[in-house]
Amino acid sequence: MANKATLLTIMFGLFAFYPSFHAHACDTGNVRSAGFYGGRTIYRLGMVVEDAVEDAHYREIADWFSQHGEGLNVRFDAIDPADSRRLRFEYGISEPLKPLPATVLSAYHPSLREIIVFQQWNPAPPLETLAALKTNPVLEGVRRDAALYWGVLLYSRGEGASRRDALEQAASQWRKDKPPGVAIIEFDRNSADQAWLCAFFGLKPEDEDWAGIVFGQGRLLLPPLRGDVITTAEISRLLNRLAMPCTCLQQASTFLMDIPMFWDRETEPVFSMLESSFAYTEMTLDDKMAGMFEEIPEGGRTLQWIGFATLLPISCLSLLFMLYTWLKQRAGGASP
């Protein structure tokens with residue numbers, strides 16, 4: 001019995017202090033390199049349909065996914081229109097969809113901290129739209145250049161003043177300071193071939209210029225930049241996140257979201273290991289978390305610390321109770 005108590009005490013102690021061990025385990029490399037590992041954001045492509053078995057649109061999309069869906073971070077499924085709980089909590093749909101069938105592309109958005117619908121079709125996306133994800137020149141460029149450079153600056157020209165010069169200046173500076181720098185890929189938001197990307201980025205033809213930083217397995221740094229926020233200084237500030245040491249804290253404080261696209265680790269180019277040209281600098285907790293606090297609603301910082309302050313005493317009390325139980329049992333076993 002004493003041995004069991006000892007084992008439980010050790011296990012609980014490991015659990016209570018697991019974050020410390022985990023932080024040391026991944027304290028190598030940089031954020032950019034870490035972007036090539038780990039799981040990706042999984043998008044839900046759900047068809048709201050009365051009878052999936054009998055619906056020709058559903059069978060067509062399901063057959064396509066069974067044959068060609070490998071490597072695409074999108075999962076296709078049928079949804080009963082009467083299942084309001086699933087529609088709300090898995091797909092972000094609170095109102096009935098009409099007419100049916102209807103298909104939505106949904107996922108959890110880390111900045112908004114809720115599940116949102118990125119795109120909707122009635123009744124379903126054309127197979128050509130899904131197949132084009134493998135040949136889309138923008139996505140092909142991301143797969144190619146993300147493996148060779150620090151990252152990719154995606155740019156879409158919109159209304160108002162052009163911000164292209166800001167991207168060029170930032171890219172030129174990075175080529176000098178942190179070779180090989182970053183690549184720039186421009187795409188036309190008015191092209192039907194880019195409708196998938198524009199829906200994901202929330203881009204409309206009448207919007208101002210848009211710029212986003214993509215790295216690793218198609219990971220977009222949040223927030224993307226729009227209009228007069230697209231400056232050389234702001235682009236450089238975001239790019240600096242990619243060169244920071246890959247600690248768990250840094251990973252948690254770097255909001256990102258994976259683009260819905262094909263990525264096969266076995267067939268994509270082997271990525272080049274790139275090192276930061278500036279030395280590691282110890283940062284305070286507030287400094288490391290500053291970027292995240294800027295992107296979450298007011299009060300989120302207080303809630304974070306309340307959670308930490310609540311968990312720590314509970315963990316300590318539980319550990320002391322386990323230790324007390326073990327000592328009591330040990331003393332009882334030693335009695336004549």
Side-chain angles (χ1 to χ4, degrees), residues 35-37 39-47 56-77 103-107 117-158 164 167 171 180 182-205 207 210-221 224 256-272:
F36 291 94
Y37 299 103
R40 296 193 289 161
T41 303
I42 300 299
Y43 292 80
R44 294 178 179 272
L45 186 66
M47 180 179 287
H57 297 291
Y58 174 80
R59 294 200 305 270
E60 185 178 51
I61 300 295
D63 288 344
W64 184 90
F65 267 89
S66 65
Q67 297 178 46
H68 308 288
E70 185 70 26
L72 179 63
N73 55 332
V74 178
R75 301 293 177 263
F76 180 62
D77 202 359
T103 307
V104 296
L105 178 70
S106 302
V117 175
F118 287 92
Q119 197 166 4
Q120 178 178 334
W121 298 266
N122 292 89
L127 293 183
E128 294 78 12
T129 298
L130 298 173
L133 293 177
K134 282 192 173 181
T135 58
N136 183 298
V138 175
L139 299 180
E140 280 188 335
V142 169
R143 286 190 288 266
R144 177 192 65 242
D145 293 340
L148 304 175
Y149 298 89
W150 280 98
V152 178
L153 289 176
L154 288 184
Y155 171 70
S156 178
R157 180 74 178 96
R164 176 74 190 228
L167 274 78
V182 294
I184 298 178
I185 298 178
E186 185 171 355
F187 65 94
D188 183 3
R189 69 181 67 183
N190 297 304
S191 170
D193 295 337
Q194 306 305 333
W196 178 278
L197 273 181
C198 290
F200 170 70
F201 295 140
L203 271 179
K204 299 178 181 178
D207 290 343
W210 180 97
I213 298 173
V214 180
F215 69 104
Q217 302 175 87
R219 294 183 167 174
L220 174 70
L221 274 180
L256 54 87
M257 193 165 191
D258 297 303
I259 298 174
M261 60 182 283
F262 281 94
W263 186 279
D264 187 346
R265 228 183 252 172
E266 301 299 324
T267 60
E268 297 302 334
V270 177
F271 72 93
S272 304

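Within the 3.5 Å criterion, the main-chain N or O of K204 finds a donor-acceptor partner in the side chain of R189. Between the side chain of W263 and the backbone N or O of N73 there is no donor-acceptor pair closer than 3.5 Å. Within the 3.5 Å criterion, the main-chain N or O of M261 finds no donor-acceptor partner in the side chain of R143. Side chain of R164 to main chain of R157: no donor-acceptor pair is present (N/O by atom type, distance under 3.5 Å, no hydrogens or angles).
Residue E70 places its CD atom among 12 or fewer non-hydrogen atoms of other residues, nucleotides or ligands, all under 6.0 Å distant.
Closest of all the heavy-atom pairs between T41 and D258 is N-OD2, 2.6 Å. Among all heavy-atom pairs drawn from P260 and L133, the shortest one is O-CD2, 4.4 Å. Across all non-hydrogen atoms, the minimal contact from W121 to V104 is CZ3-C, 4.4 Å.
Distance check: L197 CG to I259 CD1 gives 6.0 Å after rounding to the nearest 0.5 Å.
Side-chain contact between W196 and T129 is present, with at least one heavy-atom pair separated by less than 4.5 Å. Residues P125 and T103 meet the side-chain proximity criterion, which asks for heavy atoms closer than 4.5 Å. Side-chain atoms of L130 and H68, non-hydrogen and from C-beta on, never get closer than 4.5 Å to each other.
Aromatic ring pairs are classed by plane angle as parallel below 30°, tilted from 30° to 60° and perpendicular above 60°; the pair W210 and F187 is perpendicular. A perpendicular orientation is assigned to the rings of F200 and Y43, their planes being inclined by more than 60° (bins at 30° and 60°).
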